[in-house]
Every structure is written in structure tokens, then in C-alpha cells.
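Each chain gets a letter, A, B and so on, in the order its sequence line appears, and its residues count up from 1. Everything numeric in this text was worked out from a predicted model, so none of it was measured.
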There are 2 protein chains.
Amino acid sequence: MKEITSQQQRVLDCIQIYLKKTGFPPTRADICKELGFKSPNSAETHLRALEKKGFISIESGASRGISVNDQNNSFGRDEYPVIGLVAAGSPTLAEENIERTINCPKSFFESGFDYFLKVRGLSMKDAGIMEDDLIAVKKTTDVKNGDIVIARLDDEVTVKFFNRKSSNIVELEPANEDFENIVINLESEQLHIEGKSVGLLRRN
Amino acid sequence: MKEITSQQQRVLDCIQIYLKKTGFPPTRADICKELGFKSPNSAETHLRALEKKGFISIESGASRGISVNDQNNSFGRDEYPVIGLVAAGSPTLAEENIERTINCPKSFFESGFDYFLKVRGLSMKDAGIMEDDLIAVKKTTDVKNGDIVIARLDDEVTVKFFNRKSSNIVELEPANEDFENIVINLESEQLHIEGKSVGLLRRN
DNA sequence: AAAAATACTGAATATATGTACAGTATAATA
DNA sequence: TATTATACTGTACATATATTCAGTATTTTT
């Protein structure tokens, strides 16, 4: 996915807002009206650029034939993968790791999220995270102390509280007195932050 | 909402399937093609009927200007109320008790549900239910031992494990050693089961 | 029994809409 | 320095599309 320009972002936003409001995509003229363009070709060229960059699809000849590609549709509903046990070293979102998918609005968890992680074990039980709960994970490396992070250490994936003690020392803290803190010296050990928890889903 | 005929249902289904597949609504001609009609007016009259009955809205003059009205959109979502502190004696779903609503797919929690209850206190923390968590509540009095129930006792609403000891004795059991079991003698006390928990939603 | 709703075909048409073409100008890239 | 991408205005036009009108027939409602 190439980079989007600010004007193209405005057009993309316009399409999504229009879709949410009316239930169907805008025409070139609608976009011009919304964004103040005076020629339908202004919208046309932006649409073609957005299509070229993969943000939208356009069905040739069809009126209002614009569809926002799912991964960029912040309003739409999406299928989110549920990741179970992640095999050592394999990419998290590889197909073989996807147990199933859940249909859920993209905006369901405030900051958006990328997948559900099925929790194993009770190391976070005092934080209200039980076995088989689904954690909504947002892929990011931007984590603060106190965040619940999904971390990969050696070849194991674990969910813990994040706590940076110093520039070199990070502690991963469980929420269960039966488990010990994991102290990581970043100089000698590799710590990969997969993302952080932005929510939780439990189905009885 | 008036009754829908089988042909109108086919047209409504067609619209929703088309929308899901392409991202935008069908034209009259598209509907004809899908359903085998030979005149665009066949689709037109069905659309008008569906509009009259409230299932869809049509924007006059706009191409593909069909939108499926939310409450009839089987792919769509619904607004579910979030109930906070329920005042003594007032009906649970009275408007003044609704803090806000959450947009969520109907089928999100397996057996369906009626509202979200915002949890207060930590009496169920060992069951992974923390303060401010949202419990998906299904209104029912059909509860089994071990179910997490929403019970009203005197004028207080509480969330506990349900445990019927005998025909007259019910225990409401917290999941926190700091709290005591509540033993209810149905002969002398009134116990009203509001519903049971069918899921949980937490947003960080 | 009459009226209204349902369920179509078929043709006609005004207009809504995508899209191409001709320009202008600036910024980014090779 | 030439080229490509971005970011527009403005005009034009073929066609995609909604929508009306004229029929026919069956079913449901009043």
C-alpha cells in the first residue's frame, strides 16, 4: 500500500462519511460538492489515484461504483481473525494460525484493532483476563508502562503488563501471584512487541 | 412494520447480498438480472412496496439510491443500551437508566442478548469480571446452577453465580473471597432474576 | 362485488453519471 | 533537466439508470 496524500485522504474520508450517512457511495459530483471542487474531473483523478494505490475499487461504468477496500474501511464491518496458539517463529497472522474469524465493527474497540488473540492460561487472571477470553489486539510497538502487551520472547508469545525499568531493562508482569515477573535485558535478549490489548471479548 | 411477501423478501435479500458483495446497492436492472425478471419495472414496483413498508429507503433520482433500513438489515447491527446503576424499584430498561448505547451485531453473543450491564464493584473478580466491564445480559428466568445471573434482591441489583440449594433456598455466590455468599429463603424473601450473563465486553 | 395490492412484461425517456479531452500550475522524482 | 505525480478548472458526451406509462393476470382486502 503506497502512501496517501492529504487530499486523497480527504476524498477517502468523504466517501466513507457519505456511505455511512446515505448507505451508498457518492458520485463524482457529490464528492465535488462536499469538498468544494468545481470540476467532476477533480474527484475523478483522486479516485483513480486512490484506486491505483489500492484504497478503493471502482467498477467501470457503474454509477456510484466505488467500494472502499476492507482493510481501509474504518466504518465498515470486518472479519477479524482469531489467533490461537502461535507456532514458534511463524508470522502471527499467517493463515494456519487463524482459528476462525469474528464479524465485528471496525470501530468496536476505540482505537481500532487488528485481530483477536485467544488467551491461554491464567497468568493475567487478576486483570480479569481468563482462559479462552479473546483479547482485541492492536498491532503497535508504541506501548506505555501499565499497558497490557502481547510480547514475543524467544519463540513464545505471552500477554503481560509492560513495565520499562530503564533504557535496557523491561519487566513483563503477570497479574497472578502464582507467576513470576519476567525481567528482560534488551542487550542480551530479544523482545518483540506484537501489539497491545485494546479490549476484551468473552462469550459464555 | 407491515408484513413482507416472499417475493419482496427475495428482493430485499438480493439487495443485501449485492451490497455485501460489491459495496454498493444494485440498480433495477441488477435486481432483474439476479432474480430473473425481464422488466426493470418489476424491480421498481417491489422496491416501492419495500419502501412503503419501511424496509428500505430510496433517494429519488439518485442511481443506486437504495439503503436498507437498519432494523431490517440482517447483516447489520443494532443499538444496545448500556445500563448503569439501576435505581431502586425502577424498571431496568427505563430510559433514565440508559447511560448510552453500543452498536453491535445482533448475533454477537451466541444466544442473543438484550442489553449491556455496566459492572460495579469487584465481587465477581475471580470470574474475570472487573469494574466497568460490560456484561451482555439476556433477559430470562431460565437459569441453571453455575450461571452468572443478574438478580434483584430487595431493591438492589447484583451479579452473582446462581446456585439453587433446595426448592426454597437459593445461594448467590460472589467470585471474591472478600465477599460472602447471599443465602435467600424464597419463602421469606423475594428474589427476582433479571437475566443471565451471555458474554462480556471490556474496552481499555 | 369492487377496490386495492401483488406480480409481472415491454417500451419510452429524461436525466444522472462516468469518463474522455483540453488546459494550467506546482511539487516531487529520476 | 525531463518526467511523473499531484491538484485542479471547464466542456462535452455516450450511456447507465430511474422512472413513467400502457398492459395483463392473480390474489387479497374491503
Nucleotide [N], atom [atom2] - distance to [atom1] of [X] in whole Å:
X	N	atom1	atom2	value
B/R10	C/dA7	CZ	C1'	12 Å
A/I4	D/dT6	CD1	C1'	13 Å
B/I31	C/dC8	CD1	C1'	15 Å
A/E51	C/dT19	CD	C1'	13 Å
B/Q7	D/dA25	CD	P	19 Å
A/F37	D/dG10	CZ	P	14 Å

Non-hydrogen side-chain atoms of [X] and [Y] separated by less than 4.5 Å:
X	Y	result
A/I17	A/K20	no
B/F162	B/E171	no
B/I102	B/R203	yes
A/D114	A/V137	no

- [ ] Could I get the full list of side chain to side chain contact (heavy atoms under 4.5 Å, CB included) partners for B/K160, not counting sequence neighbours?
- [x]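 By the side chain to side chain contact (heavy atoms under 4.5 Å, CB included) rule, B/K160 matches B/S123, B/M124, B/T158, B/L172, B/P174, B/I182.
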- [ ] List for me each residue that meets side chain to side chain contact (heavy atoms under 4.5 Å, CB included) alongside A/E187, sequence neighbours excluded, and say none if there are none.
- [x]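 Residues passing side chain to side chain contact (heavy atoms under 4.5 Å, CB included) with A/E187: A/N168, A/N185.
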TODO: Kindly state each residue pair satisfying salt bridge (Lys or Arg N to Asp or Glu O under 4.0 Å) with at least one member in residues 127-136 of chain A, sequence neighbours excluded.
DONE: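 For residues 127-136 of chain A, and leaving out neighbouring residues, the salt bridge (Lys or Arg N to Asp or Glu O under 4.0 Å) pairs sorted by first residue read A/D133-A/R202.
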Open item on the list: The criterion is salt bridge (charged side-chain N to carboxylate O under 4.0 Å, His left out); which residues satisfy it with B/E44, sequence neighbours excluded?
Closed with: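 Partners of B/E44 by the salt bridge (charged side-chain N to carboxylate O under 4.0 Å, His left out) criterion, ordered by chain and then number, come out as B/R28, B/R48.
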Does OP1 or OP2 of [N] have a side-chain N or O of [X] closer than 4.0 Å?
X	N	value
A/T45	D/dT6	no
B/H46	C/dA7	yes
A/S42	D/dT9	yes

Using a cutoff of under 3.5 Å, can you pull out all pairs of nitrogen or oxygen atoms linking the protein to nucleotides 3-5 of chain C, with atom names and distances?
none

Task: Difference in axis direction between the ends of the helix from C/dA1-D/dT30 to C/dA30-D/dT1, five pairs, 10° - done: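 Comparing the axis at each end, I get an angle of 40°.
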- [ ] Any chance you could list the contact pattern along nucleotides 25-30 of chain C? Use B for base contacts, S for sugar-phosphate-only contacts and - for none, protein heavy atoms under 4.0 Å, 5' to 3'.
- [x] ------
Task: Summary of protein contacts for nucleotides 15-21 of chain D, nucleotide by nucleotide, where a base hit scores B, a sugar-phosphate-only hit scores S (4.0 Å, heavy atoms) - done: -SSSBBB
Enumerate, atom names and distances included, each donor-acceptor pair closer than 3.5 Å involving a side-chain atom of residues 54-66 of chain B, sequence neighbours excluded.
{"unit_1": "B/S57", "atom_1": "OG", "unit_2": "B/N69", "atom_2": "OD1", "d": "2.9"}
{"unit_1": "B/S63", "atom_1": "OG", "unit_2": "A/S63", "atom_2": "OG", "d": "2.8"}
{"unit_1": "B/R64", "atom_1": "NE", "unit_2": "A/S63", "atom_2": "O", "d": "2.7"}
{"unit_1": "B/R64", "atom_1": "NH1", "unit_2": "B/Y18", "atom_2": "OH", "d": "3.4"}
{"unit_1": "B/R64", "atom_1": "NH1", "unit_2": "B/P25", "atom_2": "O", "d": "3.0"}
{"unit_1": "B/R64", "atom_1": "NH1", "unit_2": "B/D30", "atom_2": "OD2", "d": "3.1"}

Donor-acceptor contacts under 3.5 Å from residues 142-149 of chain B side chains, at least two apart:
{"unit_1": "B/N145", "atom_1": "OD1", "unit_2": "B/R164", "atom_2": "N", "d": "2.7"}
{"unit_1": "B/N145", "atom_1": "ND2", "unit_2": "B/N163", "atom_2": "OD1", "d": "3.4"}
{"unit_1": "B/N145", "atom_1": "ND2", "unit_2": "B/R164", "atom_2": "O", "d": "3.4"}
{"unit_1": "B/D147", "atom_1": "OD2", "unit_2": "B/K144", "atom_2": "N", "d": "2.8"}

Open item on the list: Tell me every residue that passes ring-ring contact (aromatic ring centres under 6.0 Å, His included) with A/F113, counting only those two or more places apart in sequence or in another chain.
Closed with: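 Result, ring-ring contact (aromatic ring centres under 6.0 Å, His included) vs A/F113: A/Y80, A/F109, A/F116.
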Task: CG-CD1 distance between A/L200 and A/I129, expressed to the nearest 0.5 angstrom - done: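 Here the rounded value is 6.0 Å.
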Open item on the list: Take a 6.0 Å sphere around CD of A/E180 and say whether it holds more than 12 heavy atoms from other residues, nucleotides or ligands.
Closed with: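 Counting neighbours around CD of A/E180, 12 or fewer heavy atoms of other residues, nucleotides or ligands fall under 6.0 Å, so no.
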Throw together a table of side-chain donor-acceptor distances under 3.5 angstrom for residues 31-43 of chain A, partners on residues two or more places apart or in other chains.
{"unit_1": "A/S39", "atom_1": "OG", "unit_2": "A/N41", "atom_2": "N", "d": "3.1"}
{"unit_1": "A/S42", "atom_1": "OG", "unit_2": "A/S39", "atom_2": "O", "d": "3.3"}

